[in-house]
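For reference, positions follow the sequence shown, starting with 1.
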Amino acid sequence: MTDIQKYFNNSFIQPKIKQLGNKHPKQFVFFANSHIYYNNSVHNHLNFVIYSWLGKKIKYIKDEDKKNLEYFINSAFYNRQPITVFGDITDRLKKEFWNRVSPIEVAMFQCTYLYHSTIRNSQIQEHIEYYTKAFNTCRDNNVVPTVMMPTEKLVDGKWVEKDYYYLRNLFTDIGNKGDALVIPVGVAYHNFRKKYPDTPLLNDWDNNHPNQLGTLLTTYTIFSAYYNVDPTGIDYRYNWDISDEQLNAIQTEAYNACTEYYT
């Protein structure tokens, strides 16, 4: 049984995996449990950030073009944590499942929120086992596993600082146990809200899912983690009314979070 007390230390567990072996992955599968809550979904935004980075200005991707696109994120959305519900994800790691020309190279798992105020030791152990099994299944299918670090909780307008240390250490440990790259979204949110305390990153109607700025901060953090590229200067903000200053701040904090976490 895992001793959860180690996750509450103010010193951080260091990630074992600090970059993808393939520095220019082109085909992904994204296992997630939210879609519209992420403002047209992070996987769509990541697609467009990548194409903007490549200098290709496209407003949308036609269904008939998806099969042959060089860079593309496939998506599998479920109402609950995909690992716990579906167990065997082997089929979804194969190009045939998605009718793809190229093989899937990277899988990303959107994490389940395991806040310290509600979690039990047995649940943490269960999730470690679920993720480790999923990561191993990825490698058995020549797919590199990655997992998104969650953000601290917002309660009554205040961020729960204790969650930051706990979630950062917990998901770093989960990644280390499963030899998976951890995407430091939680670090990006924490640093951004410290620097810009008056700029909200979550929707005010649930204080859980990201607003437009939070969605882009998440997306640019994933991009920075995968490609080890500073995204500042990429002109992608969807069709939202986001200023150049806001976009630059988001991109800067996304890249800085990766630099901090992986160093």
Trainee: Transitively linked via ILVMFWY side-chain contacts under 4.5 Å: Tyr255 with Leu181?
Mentor: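 Looking at the clustering, Leu181 is in a separate group from Tyr255.
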Trainee: Mind checking whether Trp53 and His24 have parallel, tilted or perpendicular rings, split at 30° and 60°?
Mentor: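 Parallel.
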Trainee: Same hydrophobic cluster for Tyr165 and Tyr7, using side-chain heavy-atom links shorter than 4.5 Å among ILVMFWY?
Mentor: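 Same hydrophobic cluster.
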Trainee: Determine whether Tyr196 and Leu201 satisfy the following criterion, side-chain contact (heavy atoms from CB on, under 4.5 Å), listing intermediate values before the conclusion.
Mentor: CA-CA 10 Å; Tyr196 306 99; Leu201 294 173; over 6 Å; no
Trainee: Can you establish whether the number of heavy atoms outside Asp140 located under 6.0 Å from its atom CG is more than 12?
Mentor: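 Correct, the count exceeds 12.
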Trainee: Mind telling me whether Tyr164 and Phe12 have parallel, tilted or perpendicular rings, with 30° and 60° as the class edges?
Mentor: perpendicular
Trainee: Below 4.0 angstrom, N of the basic side chain to O of the carboxylate: do Lys94 and Asp91 qualify?
Mentor: no
Trainee: Is there side-chain contact between Ile242 and Leu213, with heavy atoms separated by less than 4.5 Å?
Mentor: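 A side-chain contact under 4.5 Å exists here.
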Trainee: What pairs with Val106 under side chain to side chain contact (heavy atoms under 4.5 Å, CB included), at least two apart in sequence or on another chain?
Mentor: Leu20, Pro25, Phe28, Val144, Thr146, Tyr226
Trainee: Report the distance from atom OG of Ser75 to atom CG of Leu46, rounding to the nearest 0.5 Å.
Mentor: 11.5 Å
Trainee: Step by step, work out the side-chain contact (heavy atoms from CB on, under 4.5 Å) result for Val147 and Phe135.
Mentor: CA-CA 9 Å; Val147 63; Phe135 298 159; 4.0 Å; yes
Trainee: Measuring from His209:NE2 to Leu202:CG, what's the distance to the nearest 0.5 Å?
Mentor: 10.0 Å
Trainee: Check this for me, if you would: do Glu152 and Arg168 make a salt bridge, where the nitrogen-to-carboxylate-oxygen distance has to be below 4.0 angstrom?
Mentor: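 Salt bridge absent between Glu152 and Arg168.
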Trainee: Of all the heavy-atom pairs spanning Cys138 and Ile89, show the shortest one and how long it is.
Mentor: SG-CD1, 4.4 Å
Trainee: Salt-bridged, Lys195 to Glu253, with N to O below 4.0 Å?
Mentor: yes
Trainee: Gln110 and Tyr131: which non-hydrogen atoms are nearest, and at how many Å?
Mentor: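 Shortest heavy-atom contact: O-OH, 4.1 Å.
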Trainee: Are Pro150 and Val185 packed together at the side-chain level, in the sense that at least one heavy-atom pair is separated by less than 4.5 angstrom?
Mentor: no
Trainee: Counting only N and O atoms by type, is there a donor-acceptor contact under 3.5 Å from the side chain of Gln14 to the main-chain atoms of Tyr262?
Mentor: no
Trainee: Roughly how far, to the nearest 0.5 Å, is CZ of Phe30 from CG of Asn44?
Mentor: 10.0 Å
Trainee: Measure the spacing between CD of Glu161 and OH of Tyr166 and express it to the nearest 0.5 Å.
Mentor: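 Rounded to the nearest 0.5 Å, the CD-OH separation comes to 16.0 Å.
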Trainee: Does the plane of the ring in Phe223 sit parallel, tilted or perpendicular to the ring in Tyr227? Use 30° and 60° as the thresholds.
Mentor: tilted
Trainee: Identify the heavy atoms of Arg237 and Leu247 that sit nearest to each other, and give their distance.
Mentor: NH2-CD2, 3.6 Å
Trainee: Okay, side chain of Asn248, backbone of Asp244: is any donor-acceptor separation there less than 3.5 Å?
Mentor: no
Trainee: Any salt bridge linking Glu105 with Lys23? Criterion: basic side-chain nitrogen under 4.0 Å from a carboxylate oxygen.
Mentor: no
Trainee: Which distance, rounded to the nearest 0.5 Å, do you find between the CZ of Phe171 and the CG of Asn176?
Mentor: 13.0 Å
Trainee: Parallel, tilted or perpendicular: which one describes the rings of Phe31 and Phe109, with boundaries at 30° and 60°?
Mentor: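 Phe31 vs Phe109 ring planes: parallel.
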Trainee: Output the distance between atom CD1 (Ile73) and atom CG (Asn47), rounded to the nearest 0.5 Å.
Mentor: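 Spacing of CD1 (Ile73) from CG (Asn47) equals 3.5 Å.
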Trainee: Which heavy-atom pair separates Ser224 from Pro231 by the least distance, and what is that distance?
Mentor: OG-CD, 3.4 Å
Trainee: Is the backbone N or O of Arg92 less than 3.5 Å from a side-chain atom of Trp98, with the two atoms forming a donor-acceptor pair by type?
Mentor: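 Checked: pair present.
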Trainee: Is the charged tip of Lys26 near the ring of Phe72: under 6.0 Å from the six-membered ring centre and within 45° of its axis?
Mentor: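 No, Lys26 does not lie over the aromatic ring of Phe72.
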Trainee: On a heavy-atom basis, which atom in Gln246 and which in Asp241 lie closest, and how many Å separate them?
Mentor: OE1-O, 4.2 Å
Trainee: If the test is side chain to side chain donor-acceptor pair (under 3.5 Å), which one of Asp173, Thr172, Asp179 qualifies with Lys16?
Mentor: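 That would be Asp179.
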Trainee: Under the side chain to side chain contact (heavy atoms under 4.5 Å, CB included) test, which residues partner Asn142, sequence neighbours left out?
Mentor: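 Expected list: none.
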Trainee: With side-chain contact (heavy atoms from CB on, under 4.5 Å) as the test, would you mind laying out the steps for Tyr236 and Tyr220 before giving the verdict?
Mentor: CA-CA 10 Å; Tyr236 175 78; Tyr220 278 109; 3.4 Å; yes
Trainee: Is a side-chain N or O of Asn141 found less than 3.5 angstrom from the main chain of Thr137, in a donor-acceptor match?
Mentor: yes
Trainee: Is there side-chain contact between Asn191 and Asn256, with at least one heavy-atom pair below 4.5 Å?
Mentor: no
Trainee: Are Asp65 and Lys62 packed together at the side-chain level, in the sense that at least one heavy-atom pair is separated by less than 4.5 angstrom?
Mentor: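 Sidechains of Lys62 and Asp65: in contact.
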Trainee: Go through it in stages, so that I can follow the logic: the residues are Phe8 and Asn169, the test is side-chain contact (heavy atoms from CB on, under 4.5 Å), and I'd like the CA-CA distance, side-chain angles, deciding distance and then a yes or no.
Mentor: CA-CA 8 Å; Phe8 292 100; Asn169 282 327; over 6 Å; no
Trainee: Flag yes if Val143 and Val101 sit in one hydrophobic cluster, no otherwise; membership is Ile, Leu, Val, Met, Phe, Trp, Tyr, and two members link when side-chain heavy atoms are under 4.5 Å apart.
Mentor: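 No, Val143 and Val101 fall in different hydrophobic clusters.
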Trainee: For Asn211 and Pro200, indicate whether the former's side chain and the latter's backbone hold a donor-acceptor pair under 3.5 Å.
Mentor: yes
Trainee: Which atom pair, heavy atoms only, marks the closest approach of Gly178 to Arg139?
Mentor: O-NH2, 2.7 Å
Trainee: Please work out which of the three classes, parallel, tilted or perpendicular, describes the rings of Tyr238 and Trp240, given edges at 30° and 60°.
Mentor: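 Because their plane-to-plane angle is over 60°, the rings of Trp240 and Tyr238 count as perpendicular.
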Trainee: Do Lys177 and Glu129 pass the salt bridge (Lys or Arg N to Asp or Glu O under 4.0 Å) test, and can you show the C-alpha distance, the side-chain angles, and the key distance before you say yes or no?
Mentor: CA-CA 9 Å; Lys177 290 180 184 300; Glu129 292 172 359; over 6 Å; no
Trainee: Between His45 and Thr219, is the side-chain hydrogen bond (donor to acceptor under 3.5 Å, both in side chains) condition met? List the steps.
Mentor: CA-CA 7 Å; His45 293 294; Thr219 304; 5.4 Å; no
Trainee: For the backbone of Leu69 and the side chain of Arg100, can you confirm whether one donor and one acceptor N or O come within less than 3.5 Å of each other?
Mentor: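 Looks like yes, one N/O pair under 3.5 Å.
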Trainee: Between Thr218 and Tyr189, is any side-chain donor less than 3.5 angstrom from a side-chain acceptor?
Mentor: yes
